[in-house]
Asks: 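Mind having a look at this structure? Questions to follow.
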Amino acid sequence: MKSLLQRHLLAVTALTSVALAAPLATPAYAAASPAVKREVSADIDGRAKLVQEMVDSIYSFAEPGFQEFKTQEYITTILEQQGFTIEKGVAGIPSAWTATWTHGSGGPKIALGSDVDGLLGLSQVPGSPELKPQVEGAPGHGEGHNSGMPLIVAAALATKDAMQKHNISGTLMIWPGIAEELLATKAFFVREGLFDDVDACIFTHVGNRLGTSWGDNGGNGMVSVEYTFSGQTSHSAGAPWMGRSALDAVEIMNTAWNFRREHLYPTQRSHYVITQGGGQPNIVPDKASVWYYFREREFPSIRALYETGNRISQAAAMATDTTVESRILGYAAPNHGNRPMAEAAQLNIQTVGMPTWTEADQAFARAAQVANNRPITPLATEVAPLRGPIEGVSLGGGSDDIGDIMWKVPTITIGFPSNIPSMIGHHTTAAIAMATPIAHKGAVTGAKAVAMTVLDLLTTPQLLTEAKKYQQEVQFASATYDPVLTPETQPAIHLNTEVMERLRPKLEPLYYDPSKYASYLEQLGIPYPPAPVAGN
């Protein structure tokens, strides 16, 4: 008889096994006209200046999740001027939006998205190999999300031109990933019907190579939840017996969870921060909160981990004679990329190839690696091979809420080379290159691959048929979408409000002004590449 762990690990690999055991009945090919693809590639090259301005501008806005209002205003203005219909505040999220444009009658509707939020505390002077905040304690683009939407806009505008010139029917819908670093919105987008009439979605994410994948990528789904305990205040010295400490409850919950970790599957990842711990030591806290991320590989195990957290919170409340309430702040489904779409995109990726890096680009990458004691790895010159499902057993890892859209419509993520190798994700080192020529060139390159793949989807009905068939017969055979959101769960739009109210006045003087400066580096007076440093 198999142990629970054996059964669990067998279940973890079920998705991979199904994907590998179910070949497509008809291979999918990138079949749009090569001549039209060359046209959109040249069109995007002609928009390289616009891409640079967008990349640098969004970098300078430095907006964290749910506070992407300047980014919203900036990008939607550009798209509205190009004939797109803008809807703001979609899915009850003020900083979210969609931009839609249709040509002809009928034709597929293709969604194009990328994340736009920054991370708290990762402010960084761009182009400086050494870590140096622009504004101490301010947010910054330490994940490189400032580069994705410029890529999408350039791809969409080039595709729009081609659709008009060659009378290709269809609809383009551009949408931003809001608060992705909080994994807090895409499940709401799906719940509120933003993708109900979409035929396929292409998503992008920054990296240091151009590539894509299909199937299970080995990451985890996740629930983000905050537990708030309520007790009774008292004087900690004079009458502590009258108090019921909410902070005691938080600490007991955390201790209990840490003991429980030994008896959880190795595929789980869980972490927490105390978001409210009381006012001062001599007053028993009557309110205290702790924020947890619960990550697991599959829908049932994600839900089970979340329910375990709920039970432990109730036990902590019972132990301290307090009460507890929980609020879901975000959710992310496990990722599953669409195979036919990924195969079509890979052919375009191979056609486009990597950017042509200059000696200055390579020198800058090396300087950043040396300055931060990172492995010395040159900028890549070859595209990444197409990746299929993770082989063997995955012990889990990070999360991305694009997974929720992947379980709604056929979707792939195309990674593009706007950052340099060896940097640390969710870290200031990952912001160093994100308003430099490396970021600009990578976004232009990625835009070409995206636009070409959109053309394939618009002009090759068989590709969409195979994409939907794969989703129904392979992806949906492996699992059933099961988010933990309830009808009452609302987006956590309050997050980061106080941070930006306090810091936006300090950031505004640093906003990039493309009418005066050719680049953000020029505005800041930063040489590119920097002068060599010792060991460089």
Side-chain angles (χ1 to χ4, degrees), residues 24-47 79 82-85 99-114 151-175 195 197-204 210 212 214 337-353 383 386 405-406 408-414 416 444-472:
L24 301 180
T26 304
Y29 297 100
S33 163
V36 177
K37 289 184 178 182
R38 287 193 293 272
E39 288 178 11
V40 298
S41 178
D43 188 320
I44 290 166
D45 280 332
R47 300 181 192 273
L79 291 170
Q82 294 293 325
F84 282 76
T85 299
T100 307
W101 179 85
T102 299
H103 182 71
S105 59
K109 184 174 184 178
I110 309 301
L112 303 173
S114 198
L151 179 164
I152 291 295
V153 170
L157 295 182
T159 303
K160 172 178 174 284
D161 287 352
M163 292 170 69
Q164 291 175 313
K165 180 178 179 180
H166 299 282
N167 198 28
I168 300 170
S169 295
T171 297
L172 305 177
M173 184 184 84
I174 301 176
W175 61 277
F195 292 84
D197 60 347
V198 170
D199 292 286
C201 177
I202 297 178
F203 189 70
T204 66
L210 185 64
T212 191
W214 61 274
N338 187 269
R339 182 175 183 176
M341 288 176 60
E343 290 174 341
Q346 184 68 23
L347 295 180
N348 294 318
I349 286 167
Q350 291 168 348
T351 298
V352 172
V383 301
L386 177 64
I405 295 167
M406 288 175 163
K408 178 64 178 180
V409 298
T411 302
I412 58 169
T413 296
I414 294 178
F416 60 95
V444 168
T445 297
K448 294 177 181 180
V450 169
M452 290 179 182
T453 307
V454 174
L455 286 173
D456 291 330
L457 293 167
L458 290 171
T459 62
T460 316
Q462 184 65 17
L463 175 55
L464 273 177
T465 298
E466 294 296 335
K468 293 175 181 179
K469 180 179 179 181
Y470 174 87
Q471 186 175 56
Q472 292 290 329

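Bear in mind the structure is a predicted one, so any value in this text is a computation, not a measurement.
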Asks: If you look at every heavy atom in A31 and D456, which pair is closest and at what distance?
Replies: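 Heavy atoms only, the tightest pair is N-OD1, 3.1 Å.
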
Asks: Evaluate the criterion side chain to side chain contact (heavy atoms under 4.5 Å, CB included) for residue pair I202 and L457; output intermediate values, then yes/no.
Replies: CA-CA 10 Å; I202 297 178; L457 293 167; 4.0 Å; yes

Asks: Nearest 0.5 Å please: distance from the NE2 atom of H103 over to the NZ atom of K165.
Replies: 13.0 Å

Asks: Test your reading of the model: is there a side-chain donor-acceptor pair from Q471 to the backbone of M406, 3.5 Å cut-off?
Replies: yes

Asks: Could you tell me the separation between the CG atom of N338 and the OG1 atom of T413, rounded to the nearest 0.5 Å?
Replies: 11.5 Å

Asks: Hey, which of T159, T453, L463 is the one that makes side-chain contact (heavy atoms from CB on, under 4.5 Å) with L458?
Replies: T159

Asks: Please report the interatomic distance CG(L455) to OG1(T460), rounded to the nearest 0.5 Å.
Replies: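 These two atoms lie 9.0 Å from each other.
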
Asks: Examine distances only and state if a side-chain atom of K160 and a backbone atom of G83 form a donor-acceptor pair shorter than 3.5 Å.
Replies: no

Asks: Look at R47 together with D161 and state whether they make a salt bridge at an N to O cut-off of under 4.0 Å.
Replies: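 The answer is yes: the pair qualifies as a salt bridge.
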
Asks: How many angstroms lie between atom OG1 of T204 and atom CD1 of I412, to the nearest 0.5 angstrom?
Replies: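 One gets 10.5 Å once the value is rounded to the nearest 0.5 Å.
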
Asks: With sequence neighbours excluded, what pairs up with K109 under the salt bridge (Lys or Arg N to Asp or Glu O under 4.0 Å) test?
Replies: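 Expected list: D197.
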
Asks: Tell me, do L172 and M163 make a side-chain contact under 4.5 Å, heavy atoms counted?
Replies: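 The answer is yes, as the side chains (C-beta and beyond) meet within the 4.5 Å cut-off.
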
Asks: For the residue pair L210 and F416, what are the closest heavy atoms and their distance?
Replies: CD1-CA, 4.2 Å

Asks: What pair of heavy atoms forms the shortest contact from A345 to I414, and how long is it?
Replies: CB-CD1, 4.1 Å

Asks: May I ask you to test the I152-W175 pair for a side-chain heavy-atom distance under 4.5 Å?
Replies: no

Asks: Please lay out, stage by stage, how M341 and T212 fare under the test side chain to side chain contact (heavy atoms under 4.5 Å, CB included).
Replies: CA-CA 10 Å; M341 288 176 60; T212 191; over 6 Å; no

Asks: So, taking the atom named SG in C201 and the one named CD1 in I110, what distance separates them when rounded to the nearest 0.5 Å?
Replies: 9.0 Å

Asks: Does K37 reach the side chain of T351, with side-chain heavy atoms less than 4.5 Å apart?
Replies: no

Asks: Would you mind reporting whether M452 and L347 have side-chain heavy atoms less than 4.5 Å apart?
Replies: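 They are not in side-chain contact.
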
Asks: Is any side-chain heavy atom of W101 closer than 4.5 Å to a side-chain heavy atom of Q164?
Replies: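 Yes - at least one pair of side-chain heavy atoms lies under 4.5 Å apart.
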
Asks: If you look at every heavy atom in L464 and P108, which pair is closest and at what distance?
Replies: CD1-CB, 3.4 Å

Asks: Could you tell me which residues satisfy side-chain hydrogen bond (donor to acceptor under 3.5 Å, both in side chains) with T102, sequence neighbours excluded, listed by chain and number?
Replies: T171

Asks: On a heavy-atom basis, which atom in V198 and which in A111 lie closest, and how many Å separate them?
Replies: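 Heavy atoms of V198 and A111 come nearest at CG1-CB, 3.8 Å.
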
Asks: By side chain to side chain contact (heavy atoms under 4.5 Å, CB included), which residues pair with K468, not counting sequence neighbours?
Replies: D199, P410

Asks: Compare all side-chain heavy atoms of I405 with those of F203 and state whether any distance is below 4.5 angstrom.
Replies: no

Asks: Considering all heavy atoms of both residues, which atom of A154 and which atom of I44 are nearest to each other, and what is their separation?
Replies: O-CG1, 3.9 Å

